Trainee: 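A single structure is presented below for examination.
These numbers were taken from a predicted model, which means no experiment stands behind them. We use all heavy atoms of the structure for the numbers below, so side chains are in, but hydrogens, waters and symmetry mates are not.
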Amino acid sequence: MMSDQRIIDMNHIIKRFFIGQPNELEVLHGLDLQVNEGEFVSIVGASGSGKSTLMNIIGALDRPTEGDYTLDGVKVFEAKDKEVSKIRNQKIGFVFQTYNLVARTSALKNVELPMLYAGVGRRERTKRAKELLEIVEMGERASHSPDELSGGQKQRVAIARAMANDPAIILADEPTGALDSQTGRLIMDIFHRLNQEQGKTIVLITHSNELAEETERIITIKDGLITGSREGSRYHAVF
């Protein structure tokens, strides 16, 4: 259930890339973005719109040139590198188009990995990883390595891994981009369940207007600025 508490608060975000003296390329031009706790939002934009740059900043994978970003009460860009690493590990659950699973390592161990970095004990790690795999209906595949899994199964393991440290937000970058439509449907259903049953805040980065319509709010980015925000037309019809 969405609350009035802001979990993402970005103000006047500018991002420039230096491409040689004296030239620099400004990709984000003073962008503002606010997301409330429990929201399921999509960020939609064409290639070159700045959405990947924005995603990297939301995920604390990159810092803006100017601007303020507060994530779940923490001012990300005042934080030191070690603290930013902790934010990435514990406040953000990443789901990528390419899954980013560790090869030759079981689904269970892949899900345990973020908890290992967070210093969670072995018994607790294993227990939680098994529970998360059950949530995404991958409990029977816990011992399988990524090369023994289909694309949809890999993405379900990746979602379980994203949930490992009970993050403040799940950041999903084109999570159905490498999947057929039927498998993509299963992945979106999992996101809806996590949002509606567990109250997870989900930010979906996509170029697909069809997927975006399923989310509570659609944020459009164009030429490095947010140009619109509206309700998704199919959000309440999914369940």
Trainee: List the steps and the verdict of side-chain contact (heavy atoms from CB on, under 4.5 Å) for R6 and E37.
Mentor: CA-CA 6 Å; R6 249 175 215 172; E37 189 176 24; over 6 Å; no
Trainee: Under 4.5 Å between any side-chain heavy atoms of K109 and V102, yes or no?
Mentor: no
Trainee: Quick one: do R217 and S229 satisfy side-chain contact (heavy atoms from CB on, under 4.5 Å)? Show the steps, please.
Mentor: CA-CA 7 Å; R217 185 159 59 102; S229 177; 3.3 Å; yes
Trainee: When rounded to the nearest 0.5 angstrom, what is the spacing between CG in L54 and NZ in K15?
Mentor: 12.0 Å
Trainee: Quick one, R141 with L133, criterion side-chain contact (heavy atoms from CB on, under 4.5 Å). Give me CA distance, side-chain angles, the key distance, then yes/no.
Mentor: CA-CA 8 Å; R141 295 279 195 274; L133 285 171; over 6 Å; no
Trainee: Taking all atoms of both residues into account, what is the closest heavy-atom pair of T105 and N110, and its distance?
Mentor: O-ND2, 3.1 Å
Trainee: By the ring-ring contact (aromatic ring centres under 6.0 Å, His included) test, which pairs, at least two apart or in different chains, include something from residues 19-68?
Mentor: F40-H192
Trainee: Working to the nearest 0.5 Å, report the span between OG of S233 and CD of E213.
Mentor: 3.5 Å
Trainee: Could you tell me whether a side-chain N or O of E197 sits under 3.5 Å from a main-chain N or O of L194, the two making a donor and an acceptor?
Mentor: no
Trainee: Going through the checks in order, is the salt bridge (Lys or Arg N to Asp or Glu O under 4.0 Å) test met by E131 and K127?
Mentor: CA-CA 6 Å; E131 289 170 353; K127 180 175 179 286; 3.0 Å; yes
Trainee: D223: what forms a salt bridge (charged side-chain N to carboxylate O under 4.0 Å, His left out) with it, not counting sequence neighbours?
Mentor: none
Trainee: Roughly how far, to the nearest 0.5 Å, is the CZ atom of F96 from the CG atom of L171?
Mentor: 7.5 Å
Trainee: Report yes or no: is the cationic atom of K75 (NZ for Lys, CZ for Arg) closer than 6.0 Å to the six-membered ring centre of F77, at no more than 45° off its axis?
Mentor: no
Trainee: Applying salt bridge (Lys or Arg N to Asp or Glu O under 4.0 Å), run through E83 and R88 and close with a yes or a no.
Mentor: CA-CA 9 Å; E83 193 180 349; R88 277 198 300 268; over 6 Å; no
Trainee: Check this for me, if you would: do R185 and D189 make a salt bridge, where the nitrogen-to-carboxylate-oxygen distance has to be below 4.0 angstrom?
Mentor: yes
Trainee: Test of understanding: with salt bridge (charged side-chain N to carboxylate O under 4.0 Å, His left out), list the residues that count as partners of R123, not counting sequence neighbours.
Mentor: none
Trainee: Do you know which two heavy atoms are closest between G50 and V27, and how far apart they sit?
Mentor: CA-CG1, 4.0 Å
Trainee: Quick one, V111 and V157 - any side-chain contact, counting heavy atoms below 4.5 Å?
Mentor: yes
Trainee: How far apart are the C-alpha atoms of N56 and T53, what are their side-chain angles, what is the distance that settles it, and do they pass the side-chain hydrogen bond (donor to acceptor under 3.5 Å, both in side chains) test?
Mentor: CA-CA 5 Å; N56 287 337; T53 303; 5.8 Å; no
Trainee: Can you find a pair of side-chain heavy atoms, one from T206 and one from V44, that are under 4.5 Å apart?
Mentor: yes
Trainee: Could you tell me the separation between the CD1 atom of I221 and the CD1 atom of I219, rounded to the nearest 0.5 Å?
Mentor: 9.5 Å
Trainee: If the test is side-chain contact (heavy atoms from CB on, under 4.5 Å), which one of R125, E124, R161, R122 qualifies with M115?
Mentor: R125
Trainee: Output a table of donor-acceptor pairs, distance under 3.5 Å, between side-chain atoms of residues 66-74 and any protein atom two or more places apart or on a different chain; print 'none' if there are none.
Mentor:
unit_1 : atom_1 : unit_2 : atom_2 : d
E66    : OE2    : R16    : NH1    : 3.3
E66    : OE2    : R16    : NH2    : 3.3
Y69    : OH     : I58    : O      : 2.7
D72    : OD2    : K91    : NZ     : 2.8

Trainee: Please step through side-chain contact (heavy atoms from CB on, under 4.5 Å) for the pair I170 and F191, ending with a clear verdict.
Mentor: CA-CA 9 Å; I170 293 176; F191 283 131; 4.1 Å; yes
Trainee: What's the spacing between N36 CG and Q34 CD if we round to 0.5 Å?
Mentor: 9.0 Å
Trainee: Rounded to the nearest 0.5 Å, how far does CG of L28 lie from NE2 of H12?
Mentor: 11.5 Å
Trainee: Is there side-chain contact between V35 and L33, with at least one heavy-atom pair below 4.5 Å?
Mentor: yes
Trainee: Can you list the steps and then say if R63 with D81 is a salt bridge (Lys or Arg N to Asp or Glu O under 4.0 Å)?
Mentor: CA-CA 11 Å; R63 295 177 186 256; D81 287 349; 3.0 Å; yes
Trainee: Given 3.5 Å as the limit, does a donor-acceptor pair link the side chain of D173 with the main chain of Q97, or not?
Mentor: no
Trainee: Within a strict 4.5 Å, meaning less than it, do heavy atoms of the M188 and L211 side chains meet?
Mentor: yes
Trainee: Indicate yes or no for a side-chain donor-acceptor contact from Q155 to the backbone of Y99 under 3.5 Å, with no hydrogens or angles considered.
Mentor: no
Trainee: Look only at the side chain of N195 and the backbone of G38, and say whether a donor-acceptor pair between them is shorter than 3.5 Å.
Mentor: yes
Trainee: So, the side chain of K200 versus the backbone of R193: is there a donor-acceptor pair under 3.5 Å, distance only?
Mentor: no
Trainee: List in chain and number order the residues that pass side chain to side chain contact (heavy atoms under 4.5 Å, CB included) with A162, two or more places apart in sequence or in another chain; answer none if no residue qualifies.
Mentor: V95
Trainee: Could you pull out all residues at least two apart from E210 that satisfy side chain to side chain contact (heavy atoms under 4.5 Å, CB included)?
Mentor: S208, R234
